[in-house]
Amino acid sequence: MSEKNLASEITPREAYFDRRTVIRGGILAASAAATAVAYRKFNGVDLVDTNGKALKGLVKGVVKADEMTTPKRSITNYNNFYEFTTNKDGVAAASKGFKTDGWKIEVGGLVNKPKTFDLDDFRAIAPPEERVYRHRCVEAWSMVVPWAGFSVKKLLDRVDPQGSAKYVAFETLMDPKRFPNQSNSAVLDWPYVEGLRIDEAMHPLAIFATGLYGEELPPQDGAPVKLVVPWKYGFKGIKSIVKITLVDKQPPTTWNKRAPREYGFYGNVNTRHDHPRWSQATEQRIGEHGRRATLMFNGYADQVASLYTGMNLDEYF
Ligand SMILES: Nc1nc2c(c(=O)[nH]1)N[C@H]1C(S)=C(S)[C@@H](COP(=O)(O)O)O[C@H]1N2
Ligand SMILES: [Mo]
């Protein structure tokens with residue numbers, strides 16, 4: 001997303017090419033991991049070479065059976081997390097040792113039951129479910145990621161939004177001592193903020209991820225809580241959330257503030273609207289040779305297109 005080096009940013013390095021190692025298991029079944037304690041202990045990951053059968057038995061209809069889960073080492077070593085560094089290969093090292101002790105998530109605004117959650121309270125909102133989702137960055141690379149988490153709706157139901165609440169605003173922790181790039185306002189306007197229309201937030205596909213590959217979410221992927229909205233470009237998936245506010249007006253969002261012609265509020269994966277500097281028709285799936293076609297709404301159109309009925313998708317992006 002930075003103005004320079006686009007080619008290198010969207011070209012995966014040889015190191016990420018691995019076409020056969022896929023993962024089975026790590027399934028956080030609702031019944032098996034009902035508590036935060038059980039969840040933290042759940043770290044079994046079963047590495048197998050199945051050439052495509054791996055996704056059977058996971059959340060139905062979420063990802064096509066011919067798509068393989070991206071290897072964990074790629075998901076955890078090729079990241080966008082500008083608070084640490086703008087170098088995708090450097091986030092893992094820069095975020096090592098990031099502590100989430102004492103983390104709080106403040107939920108308020110236009111709600112009848114505002115509440116500040118500690119992590120145990122937050123994780124106890126609902127048992128983690130495994131959700132294998134496509135992840136499509138606006139820079140035209142993609143992955144298939146086995147998140148664990150629960151629907152945003154479950155949190156919103158808990159705080160009881162008022163009728164006047166039309167949008168949900170999200171905010172990342174501001175702490176330059178832990179996020180070194182937050183000392184530099186030239187990188188981005190901090191803290192990172194994002195937002196959804198409330199009906200988008202209530203859609204069952206929108207989740208808070210607290211886990212990845214059956215383990216706790218690692219720092220580089222947005223520990224302890226990351227928003228995942230799989231029909232939208234990756235930048236909507238704000239990491240390390242500390243604040244969630246129900247509001248009546250469309251909230252500002254970080255990349256839209258930075259370059260409004262390039263990054264819309266909606267950020268839907270939209271093959272009808274190219275980025276002004278590159279095509280959105282195809283993508284580089286990390287671990288594959290050659291490019292594949294990008295799907296409208298990232299392949300989730302049958303589930304989410306009705307949210308945008310009547311909107312001109314060439315205009316709203
Ligand atoms: N706070 C914060 N959230 C963020 C970002 C960021 O730089 N800071 N980058 C976004 C972008 S552009 C992408 S593609 C995804 C990457 O998530 P991943 O590293 O878990 O794949 O996180 C998004 N969330
Ligand atoms: Mo991204």
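Order of listing sets the numbers, starting from 1, for every ligand and every atom in it.
- Within ligand 1, counting atoms from 1 as listed, the ones closer than 4.0 Å to a heavy atom of Lys226 are 17 (O), 20 (O).
- Geometrically, ligand 1 and Asn79 share a nitrogen or oxygen pair separated by less than 3.5 Å.
- Tyr266 has its side chain out of reach of Leu313: every pair of non-hydrogen atoms, C-beta onward, lies at least 4.5 Å apart.
- Proximity of the aromatic rings of His275 and Tyr263 is defined here by a centroid distance below 6.0 angstrom, and this criterion is met.
- Criterion: ILVMFWY side-chain heavy atoms under 4.5 Å apart, direct or through other members. Under it, Phe150 and Ile105 are part of a common hydrophobic cluster.
- For ligand 1, the polar-atom distance check finds an N/O of Asp221 within less than 3.5 Å of one of the ligand's N/O atoms.
- For ligand 1 and Phe235, the ligand atoms under 4.0 Å from any heavy atom of the residue are 10 (C), 11 (C), 12 (S).
- Residue contacts with ligand 1 for Glu139 are absent, since no atom lies close enough (heavy atoms, distance under 4.0 Å).
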Stepwise salt bridge (charged side-chain N to carboxylate O under 4.0 Å, His left out) check, Arg292 with Glu283: CA-CA 6 Å; Arg292 59 163 67 211; Glu283 65 199 50; 5.2 Å; no
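- Atom NZ of Lys153 has 12 or fewer neighbouring heavy atoms from other residues, nucleotides or ligands inside a 6.0 Å radius.
- For the ligand labelled ligand 1, residue Gly237 lies inside the 4.0 Å heavy-atom shell.
- Backbone and side-chain nitrogen or oxygen atoms of Thr172 are examined, and one is located within less than 3.5 angstrom of a nitrogen or oxygen of ligand 1.
- Among Tyr192, Trp147, Phe81, the residue whose heavy atom sits closest to atom 10 (C) of ligand 1 is Tyr192.
- Neither the backbone nor the side chain of Lys236 comes within contact range of ligand 1; no heavy atom lies under 4.0 Å.
- Those atoms of ligand 1 that come under 4.0 Å of a heavy atom in Cys137, given as number and element, are 14 (S).
- Between Phe265 and Tyr316, the ring centre distance reaches or exceeds 6.0 Å.
- The six-membered or imidazole ring of Phe297 lies near that of Tyr308, with a centre-to-centre distance under 6.0 Å.
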